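Per chain, numbering begins at 1; letters A, B, ... match sequence-line order. The analysis underlying the following values was restricted to heavy atoms, covering all of them including side chains, and did not include hydrogens, waters or symmetry mates. Just so we're clear, the structure is a prediction, and the values are computed from it rather than from any experiment.
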Amino acid sequence: MFRLVPTYRSRHISRSLPSLQARCTLFSASASASENFLQHTSDGGSAQGIDFDGLFKSCNRVHGAKLLHALVVVSGKAQSVFFSGKLVNVYAYLGDVSFARRTFDHIPNKDVYTWNSMVSAYVRTGHFREAVDCFYRFFLTSGLQPDFYTFAPVLKACKNPLDGMRIHCVVLKFGFEWDVFVTASLVHMYTRFGAFSYARKLFDDMPVRDMGCWNAMISGYCQNGNAAEALDVLNEMRLEGVIMDPVTIVSILPICAQSDDILNGMLIHVYAIKRGLEFDLFVSNALINMYAKFVKLANAQKVFDNMVVRDVVSWNSIIAAYEQNDYPDRALALFYMQLTGISPDHLTLVSLSSIVAQLGGSRSAKSVHGFVMRRGWIQKDVISGNSVVDMYGKLGDINSARAVFDAQPVKDVVSWNTLITGYAQNGLASEAIEAFDLMQEYKEVAPNQATWVGILPAYSSVGALRQGMRVHGLSIKTSLYFDIFVGTCLIDMYGKCGELDDAMTFFYEVPKMNSVPWNAIISCLGIHGHAEKAIKLFRVMREEGVKPDHITFVSLLSACSHSGLVEEGQWCFNVMKEEYGIEPILKHYGCMVDMFGRAGLLEMAYNFIKNMPIKPDASVWGALLGACRIHGNVDLGAIASERLFEVDSENVGYYVLLSNIYANIQKWEGVDKVRTQARDMGLRKTPGWSSIEANNKVDIFYTGNQSHPKCEEIYKELRSLNAKMKSLGYVPDYSFVLQDVEDDEKEHILMSHSERLAIAFGVLNTPPKTPIRIFKNLRVCGDCHNATKYISKITEREIVVRDSNRFHHFIDGVCSCGDYW
DNA sequence: ATAGGGTTAG
């Protein structure tokens, strides 16, 4: 027997707005009726003549349900399956699983209806495992026959294919396979596990299909990333003369966005208008989301404005549309508008976290955090917790981010990715690596592409080539396709870890439709000192019609400045302004000044600064000061430092530069003056660190680090190296030490610089004659640069140092950068 | 009395 029940329409209508309003008005009646009645019975009255039917129907809040429950108990009807079963169902409808469960447990002679209601209570509240177990208990212990209503909820609840197939067996055992509702649920269940051929077979074998079956098949394909098949079924459906209903439209619209098919999306919009579905709540919501994905914000806004009824999804969608397309202010304004009508849900707060992260403001962050916490969303919803972690991470408050992360009872792969990325983007590479290592101990979270994109930059910033390569291997194993973002991170990782050839190989493999991969390779070429090649690639990029952005030009200009290509640099600067209309920012000006300065064109650099349309900051004056040091120009150095200290008087690095300028021409009173000046300021010191990867482990050294386990050996090695260096003519340059101490103390301070600790560690812990690779987060200190030349000669090692600027290759006492450190 | 397929996400 095939059962085809035309209940779809009627149910749809029953959930429409007027009926909800009816429920709302009835609620107060129900609550007060129950209250009056309880009053009545406690005064000694009887339970006769109560309209239970009406009360059950009108009960739409948990408060009302509890009064009703009390009413059932005092009327002596608690033993009746009929009444208790109804109570279970009311609690299920209201989503109060614990009361449903308590009521259910007290019913001695449960019927199918009661079991069905209990299962759906679990499903509604997201207790999927419990729902499936409850179904098994029903099937194995109750001895009752399942009915038409039994299977759909439990099929929705099952989260693994094994349960799905077991339930399928039960369906077959009781002969329900020809029920359209049950089969539609089976179809959808199989698509959820990617068992498309199973699903398709069931679907094809159906002798009669209603709208729900078509939609189950189509949405099954849509939600599981099978767009082409979804469209095939859609066509088949049209050929059979079945027309799309709102559910079909709502399933197919996200597919249009996914497959970048705006034409199809707009055709469906037109179709919806023609069929009078334009104002359907779900259809409108889906349209807003689709237009947002295509960055057609005006269209999205128009759909939103035209809506007659808006629910929380509508508001969330329009807010997210603005938030995700860089209009946080507009999104925030809409959020305040929403507050006056509909109360926000957890997804509203996800958008709000991102808005706060974009707009900044630690106080707003705390309020968002508090709001989410008070509602218990961090405890019961991973996404809410993740978005708060992300917000703190983006605002740079990584400690708060970590605290929220630690408080999350359930962590999924996104939680870990958010934490790792938060560390990496706040410059805390070793913390990011630690978090990634910890993540791998939890076997149930499998890293994905976002994980690789989070961790690879951390490895490239500390130069952990071996571990980066391991992640490269893992990413190949776990990814089904070659991802452009991972590809770009691999370019960056190999390039910054010194393997330029591998970086180039990856560059040729990734799709290059936007500037991101180009920027990565251009910047790698630049730090390797290959400015000509960088410019050549830039020309190719232009020929291929890829639009460069301001990062492209920062990379190009810094490449030119490191290689002394002044004319090419000026050409780039002009192309940027004139051809691409990109207004230069301070970084570009800094690169230009650095470029002129290094090339010895100090006057030109100074004039360039004087002609800047925006106020130069410390980095620009710092570039000039650095150039004055290289070329020993004391007068301009004095001007530059004066201007520099007007905008930033706390950065110790600049005092070091100035003192070095004076020391180079033996103006010791100048050195003393700078030293005093520096001491009188409250100096801010960016902690310098250097890292080295040896034996598959990254060791990080901070300047003067005494806590490393191999500390004693390292200092012993450094003392012995120091003696050998001196015999070859090394003279420590004390002008790099600003502390006012005795000379031998200064020598010790120089020796304790992080880069030297790392090099000594490398000498001790890698096989003789193998190259030593060091990474330093700041510029290499001038004395260390000099010392490294001697060390490379003494130890007969190639030493590669990458600092915040570029690579320095030390071979046999010579550095590839000349002495432009 | 109860049931399937639908929109938003870090």
Side-chain angles (χ1 to χ4, degrees), chain A residues 3 5 7-8 11-12 52-53 56-57 81-83 85-90 92-93 111-121 123 146-156 176 179-189 191 209-220 222-223 245-254 257 280-290 292-293 311-321 323-324 345-351 353-354 357 381-391 393-394 408 412-415 417-418 421 450:
Chain A
R3 190 178 67 105
V5 193
T7 46
Y8 167 63
R11 193 173 63 79
H12 200 63
F52 277 105
D53 221 37
F56 271 115
K57 264 192 194 139
V81 221
F82 184 80
F83 282 93
K86 270 194 128 172
L87 276 172
V88 174
N89 195 46
V90 165
Y93 178 80
D111 60 359
V112 197
Y113 170 80
T114 321
W115 283 98
N116 289 348
S117 301
M118 193 59 231
V119 172
S120 78
V123 178
D147 65 8
F148 290 128
Y149 303 110
T150 306
F151 296 102
V154 72
L155 281 169
K156 198 174 173 183
F176 283 104
D179 181 283
V180 268
F181 273 41
V182 175
T183 310
S185 302
L186 280 168
V187 166
H188 207 250
M189 182 272 295
T191 60
R209 301 184 188 120
D210 71 348
M211 217 42 235
C213 299
W214 286 105
N215 289 335
M217 195 66 242
I218 293 172
S219 76
C222 290
Q223 288 165 18
D245 76 345
V247 180
T248 329
I249 294 179
V250 165
S251 304
I252 218 81
L253 277 176
D280 182 284
L281 182 63
F282 274 66
V283 171
S284 301
N285 291 346
L287 282 169
I288 295 173
N289 283 300
M290 179 200 71
K293 297 260 158 60
D311 68 353
V312 67
V313 179
S314 325
W315 284 98
N316 289 350
S317 303
I318 193 74
I319 290 172
E323 173 259 305
Q324 288 175 359
D345 71 354
H346 65 126
L347 290 182
T348 322
L349 267 290
V350 168
S351 285
S353 316
S354 170
D381 173 45
V382 228
I383 296 165
S384 295
N386 292 350
S387 68
V388 174
V389 174
D390 187 52
M391 172 183 69
K394 292 224 169 82
Q408 283 182 283
D412 67 358
V413 60
V414 182
S415 320
N417 293 351
T418 311
T421 310

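- In this structure, A:N215 places its CG atom 11 Å from P of B:dT7, rounding to the nearest Å.
- With B:dG4, B:dT2, B:dT7 as the choices, the nucleotide that has an atom nearest any side-chain atom of A:V180 turns out to be B:dG4.
- In this structure, A:S185 reaches the sugar-phosphate backbone alone: every heavy-atom distance under 4.0 Å involves primed, P, OP1 or OP2 atoms, never a base.
- Rounded to an integer number of Å, the gap from A:D345 CG to B:dT7 P is 15 Å.
- The listed nucleotides are B:dG6, B:dG4, B:dT2; the one nearest the side chain of A:V250 is B:dG6.
- Using a 4.0 Å heavy-atom criterion, one finds that A:K293 contacts the sugar-phosphate atoms exclusively.
- Closest to the side chain of A:P246, from the set B:dG6, B:dA1, B:dA3, is B:dG6.
- The aromatic ring of A:F181 sits over the base of B:dG4, with ring centres less than 5.5 Å apart and planes tilted by under 30°.
- For the side chain to side chain contact (heavy atoms under 4.5 Å, CB included) test with A:N285, the passing option among A:V313, A:D280, A:I318, A:V250 is A:V313; the others fail.
- Residue contacts for A:Q408: at a heavy-atom cut-off of 4.0 Å it reaches no nucleic acid atom on any strand shown.
- Among the heavy atoms of the strands lying under 4.0 Å from A:A184 is at least one base atom, whether or not backbone atoms are also near.
- Residue A:N417 is out of contact with every strand shown, counting any heavy-atom pair closer than 4.0 Å.
- In this structure, NZ of A:K156 is placed 10 Å from C1' of B:dA3, rounded to the nearest angstrom.
- Comparing B:dG6, B:dA3, B:dT8 by their closest approach to the side chain of A:N316 singles out B:dT8.
- Within the 3.5 Å criterion, the main-chain N or O of A:I218 finds no donor-acceptor partner in the side chain of A:N215.
- Taking the six-membered ring for Trp and thresholds of 30 and 60 degrees, A:F52 and A:F83 have ring planes more than 60 degrees apart, a perpendicular arrangement.
- In this structure, the nucleotide among B:dA3, B:dT8, B:dG6 sitting nearest to the side chain of A:A152 is B:dA3.
- Note on A:V350: only backbone sugar-phosphate atoms sit closer than 4.0 angstrom, heavy atoms only; bases stay farther off.
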Handout entry: Worked check of ring-ring contact (aromatic ring centres under 6.0 Å, His included) between A:F148 and A:F176
Key = CA-CA 7 Å; A:F148 290 128; A:F176 283 104; 5.7 Å; yes
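- We find that CG of A:D179 is positioned 13 Å from C1' of B:dT2, with the value rounded to whole Å.
- In this structure, the nucleotide among B:dT8, B:dA1, B:dA3 sitting nearest to the side chain of A:F82 is B:dA1.
- To the nearest 0.5 angstrom, A:M290 atom CE is 12.5 Å from A:S317 atom OG.
- Taking atom CD on A:Q324 and atom C1' on B:dT7, their separation rounds to 14 Å, with Å as the unit.
- Closest to the side chain of A:Y149, from the set B:dT2, B:dG6, B:dT8, is B:dT2.
- When heavy atoms are screened at a 4.0 angstrom cut-off, A:N116 is found touching base atoms of the nucleic acid.
- Using a 4.0 Å heavy-atom cutoff across all strands shown, A:C222 reaches no nucleic acid atom at all.
- Across all strands shown, A:S219 has heavy atoms under 4.0 Å from sugar-phosphate atoms exclusively, and none from any base.
- Across the protein-nucleic acid pair, A:D245 atom CG and B:dG4 atom C1' stand 13 Å apart, rounded to whole Å.
- For the atom pair OG1 of A:T183 and CZ of A:F151, the computed distance is 10.5 Å after rounding to the nearest 0.5 Å.
- A:L287 CG to A:L253 CG: the interatomic distance, rounded to the nearest 0.5 Å, is 5.0 Å.
- At a cut-off of 3.5 angstrom, the base of B:dG4 holds at least one donor-acceptor pair with the side chain of A:D210.
- Taking side-chain N and O atoms only, A:H346 has no distance below 4.0 Å to OP1 or OP2 of B:dT8.
- B:dT2 atom P lies 14 Å from atom CG of A:L87, rounded to whole Å.
- A:D412 comes within 4.0 angstrom of a nucleotide base, judged by non-hydrogen atoms across all strands.
- For A:D111, taking side-chain heavy atoms from C-beta onward, the closest of the listed nucleotides B:dT7, B:dG4, B:dA1 is B:dA1.
- Taking atom CZ of residue A:F148 and atom C1' of nucleotide B:dT2, one finds them 13 Å apart after rounding to whole Å.
- A:S251 comes within contact range of the sugar-phosphate backbone alone, with a heavy-atom separation under 4.0 Å but no base atom that close.
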